[in-house]
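Counting from 1, the numbers follow the sequence of the chain as shown.
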Amino acid sequence: MRGEILTYDDGPGTGLISGDDGLRYTFARADLQQLTPVRAGMKVDFVAEGGAATQVIVLAQQPAGFASTAYTPGVAGSGMSACDWRTLFLEANGRIGQKDYWIGIIILFAAGVVLSWVPLIGQVVTLASIYFGVCVSSKRLHDMGKSGWLAAIPYGITTVAVVLSAMAFVGGIVSTSYGNDYAMLAGIGGIAGLWGLVFIVNLGFLIWLGVTAGQPGDNAYGPPPRPLANF
């Protein structure tokens, strides 16, 4: 059967083909019969097996400079020669793949390290970057078919840890004023253990988002994403 590639994300290596029969078929990198770059708009021949396309053969490549104008939620309709930074960091809707997620996380981490050395302004911008992180995580969760509200989990856990640490610190000071030094030491140990747990949970959440493949076909949050960063 003949068809046209609608979307392809090189992160999880999955895409969507519109067949000449009017139906859509999912395909994976392993189904490609050629070692050639794949992008939306390419004409292909394939074997339909249920809702999946197998033995996919690219028939013709688009001329240089071609860019698909098909709309994808959360992805700009312009050419993909550069990263769509606005969509990556400022929009919580839509979907992104694993590659774009890691690019966003690395940029946010590097920016946080640099801004931590800038008095006052750096701290203000760092707080604002929380929103950027939520947008990146939210779109990755959408790609996995999960609610973007789950992106608030790390921040919620950290907030609880801050409150509990403050309570333990005040309690330790009060105990010391009554001559109970052991209570102060116990409080410090408890705070250290609490933040160790927070670090493990947050790191696990970050890795979970970064290594879990997205859903291959359309889901409640839109079709499979095109890469935002084309490098």
Side-chain angles (χ1 to χ4, degrees), residues 5-16 29 37-41 65-118 121-158 202-231:
I5 295 178
L6 294 179
T7 61
Y8 180 72
D9 185 350
D10 197 46
T14 57
L16 193 65
R29 185 186 294 112
V38 178
R39 57 182 177 272
F66 171 82
S68 173
T69 58
Y71 176 72
T72 301
V75 179
S78 58
M80 304 307 295
S81 60
C83 185
D84 184 358
W85 303 112
R86 180 186 64 81
T87 297
L88 186 59
F89 293 115
L90 297 179
E91 292 187 12
N93 296 322
R95 300 167 61 179
I96 59 173
Q98 294 157 292
K99 175 183 175 181
D100 290 320
Y101 170 75
W102 283 118
I103 289 174
I105 291 299
I106 291 172
I107 290 175
L108 289 174
F109 177 78
V113 171
V114 173
L115 291 172
S116 66
W117 293 91
V118 181
I121 295 179
Q123 279 68 44
V124 173
V125 177
T126 298
L127 288 175
S129 69
I130 292 177
Y131 175 73
F132 306 153
V134 169
C135 287
V136 172
S137 298
S138 177
K139 289 193 290 292
R140 184 78 265 275
L141 285 161
H142 289 168
D143 191 42
M144 296 158 57
K146 302 183 183 300
S147 172
W149 285 103
L150 293 176
I153 289 177
Y155 303 100
I157 291 175
T158 301
N202 286 350
L203 179 62
F205 187 83
L206 182 146
I207 294 175
W208 175 56
L209 293 187
V211 303
T212 304
Q215 295 182 328
D218 294 8
N219 64 18
Y221 304 98
R226 295 188 224 134
L228 297 179
N230 193 24
F231 53 81

(request) With V136 as reference, evaluate L209, I96, D100, L141 under the side chain to side chain contact (heavy atoms under 4.5 Å, CB included) test and give the passing residue. (result) I96
(message) Taking the side chain as everything from C-beta on, heavy atoms only, tell me whether I103 gets closer than 4.5 Å to I107.
(response) yes
(message) Distance check, rounded to the nearest 0.5 Å: Q215 atom CD versus T14 atom OG1?
(response) 10.5 Å
(request) Return the minimal non-hydrogen interatomic distance between A92 and C135, and the atom names on each side. (result) N-SG, 3.9 Å
(message) Would the distance check show the side chain of Y131 and the main-chain N or O of L90 forming a donor-acceptor pair, the cut-off being under 3.5 Å?
(response) yes
(message) How close do N219 and D143 get, counting heavy atoms only, and between which atoms?
(response) ND2-O, 3.9 Å
(message) Measuring from atom CD1 of I130 to atom OH of Y155, what distance do you get when rounded to the nearest 0.5 angstrom?
(response) 6.5 Å
(message) Would you say CH2 of W208 has more than 12 non-hydrogen atoms from neighbouring residues, nucleotides or ligands within 6.0 angstrom?
(response) yes
(message) If I take atom CD1 from residue I105 and atom CG from residue L206, how far apart are they, to the nearest 0.5 angstrom?
(response) 5.0 Å
(message) Taking A151's backbone N and O only, do any of them form a donor-acceptor pair with S137's side chain (distance below 3.5 Å, no angle check)?
(response) no
(request) Give the minimum heavy-atom separation between P154 and F205, together with the two atoms involved. (result) CG-CD2, 3.4 Å
(request) List the atom of L108, the atom of F132, and the distance in Å for their closest heavy-atom pair. (result) CD2-CB, 3.8 Å
(request) Hey, could you give me each pair passing ring-ring contact (aromatic ring centres under 6.0 Å, His included) that has a residue in residues 88-113? Not counting sequence neighbours. (result) none
(request) Give the intermediate values and the outcome of side-chain contact (heavy atoms from CB on, under 4.5 Å) for residues Y221 and K139. (result) CA-CA 9 Å; Y221 304 98; K139 289 193 290 292; over 6 Å; no
(message) side-chain contact (heavy atoms from CB on, under 4.5 Å), that's the test. Do R95 and M144 meet it? Break it down for me.
(response) CA-CA 9 Å; R95 300 167 61 179; M144 296 158 57; over 6 Å; no
